[in-house]
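Just so we're clear, the structure is a prediction, and the values are computed from it rather than from any experiment. Values below: all heavy atoms of this structure, side chains included; hydrogens, waters and symmetry mates excluded. Reminder, nothing fancy here: chain letters follow the sequence lines and each chain counts from 1.
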Amino acid sequence: MIKAIKGVKDLLPEESPRWRFIEDTARQWALRYGFQEIRVPIFETTTLFARSIGATTDIVEKEMYTFADRDGSSLTLRPEGTAGTVRAFIEHNRAADPRPQKYCYAGPMFRHERPQAGRLRQFHQFGVESFGVSDPRADVEVLSLLWRFLSDLTLPGLTLEINNLGYAEDRARYKPLLVSFLKGVESRLCGNCQRRIEANPLRVLDCKVPECRSATEDAPRLADSLSPAARDHFDRVTADLQAIGIPFHVNPRLVRGLDYYCLTAFEVTCSHLGAQNAVGAGGRYDGLVEQLGGTPVPAVGFAVGLERIALMLPETFIVPSIPRVYVAAFGTQAADVGFALLDELRRVGVPADMDFRSASLKAHLRQADRLGALYTILLGDDEVAKGTATVRNMQTKAQENVPIQDLAAACRDRLLDR
RNA sequence: GUGGGUGUAGCUCAGUUGGUUAGAGCGCCGGAUUGUGGAUCCGGAGGUCGCGGGUUCGAAACCCGUCACUCACCCCA
């Protein structure tokens, strides 16, 4: 048996209404905020991701699905959505458009990791990117959209954490201070963090190991190295969040894994989600457009993991789309008449179905019941001879004879009445 | 890449210190009702016990290997 490859999942018809609900809700909220959908390719040239995400990040170093095209050029399945969106923004010179460039997207992303709860090799994200506005209200707008959307889904146990990463120069000033401190306490750090001192010192502050926490208790704080402009930006973000009533915690240890973030960084976590508890995250990335060859354009955005949302979503709203009329045609002539009737029903807009395997009326009715049909049209050779069929209401069991030529219109009218 | 757990019917799972023909519930098909669904009763179909070796008179069970799934580390959405 050929099986799906590791870390990918089939979404069976029973679950797809949940997903449609999540995606529709996300898109509605984004449109309400003035974001418009952009669809970009799921594969790009490898250097795009290496240059945007950061060449030394785990994603780029060991998690990308990279392969050679026929001409030998290196392509990569996108591990996240921002890089492709920024590339499209630059390529189509969207910076020249005076209107706000606010985009949203949804689709599959690919990372070669060991799968576990809430983490797959092909997973799905919904995200937004807001280009061109350095005003802190753009950060707050994005945060607000994220928070309102997740709250609308009534996901339990959500927490929003934010931090100020400052500008690249601020971090460049801070890093040596931190590194020299960490070297002083190196023996108290876990093995991972000892390696992080060189590779990604900021990440040490976000380590979950308690010993690392206490060892870094007195570490120099990034906040103390921030420029006045960076502080002012963050102060206005937090003030505006408070003004519109969005709850948040400032977490000075919060560090994002991607290199391009600056100033505002944030993460929404959920308490009932296992080890992978980040539902969504994002931040400001003012340098990225320029870094990828565009003119300097400030930007801010977020992405949420749809699998993780689906894991948390209460199962209350399920609205499966089911056929409303079942055609139970049995007998030699009636089978042909019924098949034509089925087609006519569909043409006039009536959701209709029939199981061609069923031969007896009993078997047809059983299928009608299973499919949740509101009405079943009973059509045997006797009915065909008389030119009428029996319409059975599956809830009340009331039956009525209707001329076959009037059936499609009659069914349409009945369904519209409801 | 590292570690733990689990692989038995379509699904959820039993299966005793190794012992006859591998079971249950749900689901499925049929009958009771020769043209009327759900409920009930009766009957039936459905299994390479993940795969490959080994031990044994005898293996679903024990041993070795392997694969898959899963949870966790790492990292991240």
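- Applying the Watson-Crick and G-U wobble criteria (two distances, each under 3.5 Å), B/A68 pairs with B/U6.
- If you check every strand for non-hydrogen atoms under 4.0 Å, A/A278 touches sugar and phosphate atoms only.
- Per the geometry, NZ belonging to A/K3 stands 8 Å off P belonging to B/A68, to the nearest Å.
- One N or O on the side chain of A/S360 and one on the backbone of A/A363 form a donor-acceptor pair closer than 3.5 Å.
- Note on A/G331: nothing from the nucleic acid sits closer than 4.0 angstrom, heavy atoms only.
- Look at A/K62 and you won't find any side-chain N or O under 4.0 angstrom from OP1 or OP2 of B/G1.
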For A/T388 and A/N401, run side-chain hydrogen bond (donor to acceptor under 3.5 Å, both in side chains): C-alpha distance rounded to whole Å, both residues' side-chain angles, the deciding distance at 0.1 Å, then the answer.
CA-CA 6 Å; A/T388 67; A/N401 290 324; 4.7 Å; no
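- With a 3.5 Å ceiling on both atom-pair distances, the Watson-Crick or G-U wobble partner of B/C73 is B/G1.
- Of the P atoms belonging to B/C51 and B/A45, the separation is 23 Å, rounded to the nearest Å.
- Ring geometry, A/F131 versus A/F89: the interplanar angle falls under 30°, so the pair is classed parallel (tilted spans 30 to 60°).
- Spacing between B/C28 and B/U6 at atom P, rounded to whole Å, works out to 32 Å.
- One atom, CD of A/E307, and another, P of B/U70, lie 13 Å apart when rounded to the nearest Å.
- Per the geometry, CG belonging to A/D58 stands 15 Å off C1' belonging to B/U2, to the nearest Å.
- Pair assignment for B/A22 gives none, since no Watson-Crick or G-U wobble pairing has each distance under 3.5 Å.
- Here, B/U12 and B/C57 have their P atoms 38 Å apart, quoted to the whole Å.
- What separates CG of A/L12 from P of B/C11 is a distance of 12 Å, to the nearest Å.
- Look at A/R236 and A/D240 and you find no salt bridge, because none of the NZ, NE, NH1 or NH2 atoms lies under 4.0 Å from a carboxylate O.
- In a base pair of the Watson-Crick type (N1 to N3 plus N6-O4 or O6-N4) or a G-U wobble (N1-O2 and O6-N3), with each distance short of 3.5 Å, B/U16 is matched with no nucleotide.
- Nucleotide B/C62 forms a pair with B/G54, judged by Watson-Crick or G-U wobble geometry with both contacts under 3.5 Å.
- Taking atom C1' in both B/C41 and B/U48, one finds a spacing of 36 Å when rounded to whole Å.
- Of the inter-residue distances, the one linking A/K102 atom NZ with A/Q36 atom CD reads 9.5 Å to the nearest 0.5 angstrom.
- A donor N or O paired with an acceptor N or O is not found under 3.5 Å between the base of B/C71 and the side-chain atoms of A/R119.
- Put simply, the residue from A/R51, A/R78, A/R87 that forms a salt bridge (Lys or Arg N to Asp or Glu O under 4.0 Å) with A/E44 is A/R87.
- Ring pair A/F126/A/F302 is tilted by interplanar angle, where 30° to 60° counts as tilted.
- Across the protein-nucleic acid pair, A/E113 atom CD and B/C71 atom P stand 14 Å apart, rounded to whole Å.
- Nucleotides of RNA chain B nearest to A/R308 and A/P115 differ in position, and the one nearer the 5' end is that of A/P115.
- Rounded to whole Å, the separation between the C1' atoms of B/A22 and B/A32 comes to 31 Å.
- Across all strands, A/M109 comes closer than 4.0 Å to no nucleic acid atom at all (heavy-atom distances).
- As judged by a 4.0 angstrom heavy-atom cut-off over every strand, A/K6 is placed among residues touching the sugar-phosphate backbone only.
- With a 3.5 Å ceiling on both atom-pair distances, the Watson-Crick or G-U wobble partner of B/C28 is B/G44.
- Scanning for salt bridge (charged side-chain N to carboxylate O under 4.0 Å, His left out) contacts around A/R148 gives an empty result, with sequence neighbours left out.
- Defined by atom type and a distance below 3.5 Å, a donor-acceptor pair is missing between the side-chain atoms of A/S74 and A/T66.
- The partner of B/C49 cannot be assigned: no Watson-Crick or G-U wobble pair with both contacts below 3.5 Å exists in any strand.
- Under the Watson-Crick or G-U wobble criterion, with both distances below 3.5 Å, B/U36 has no partner in any strand shown.
- Rounded to an integer number of Å, the gap from A/E63 CD to B/A77 C1' is 12 Å.
- Taking every side-chain heavy atom of A/A117 into account, B/C71 is the closest of B/C71, B/G38, B/C69.
- If you take NZ of A/K9 and P of B/C69, they are 13 Å apart, rounded to a whole angstrom.
- Between the A/E307 side chain and the A/H124 main chain, a donor and an acceptor come within less than 3.5 Å of each other.
- Note: CG (A/L371) to C1' (B/G37) measures 11 Å, nearest angstrom.
- Closest contact between the side chain of A/R114 and the listed nucleotides B/A77, B/U2, B/G38 involves B/U2.
- For the C1' atoms, the distance linking B/G46 with B/U40 amounts to 24 Å, nearest Å.
- Taking atom C1' on both B/A60 and B/U17, the two are 16 Å apart, rounded to the nearest angstrom.
- Among the nucleotides B/C74, B/G38, B/C76, the one closest to the side chain of A/Q116 is B/C74.
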Protein proximity profile, nucleotides 28-36 of chain B - base contact B, sugar-phosphate-only contact S, no contact -, cut-off 4.0 Å on heavy atoms:
SSS--B-BB
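- One C1' atom belongs to B/A9, the other to B/G15, and the distance between them is 14 Å to the nearest Å.
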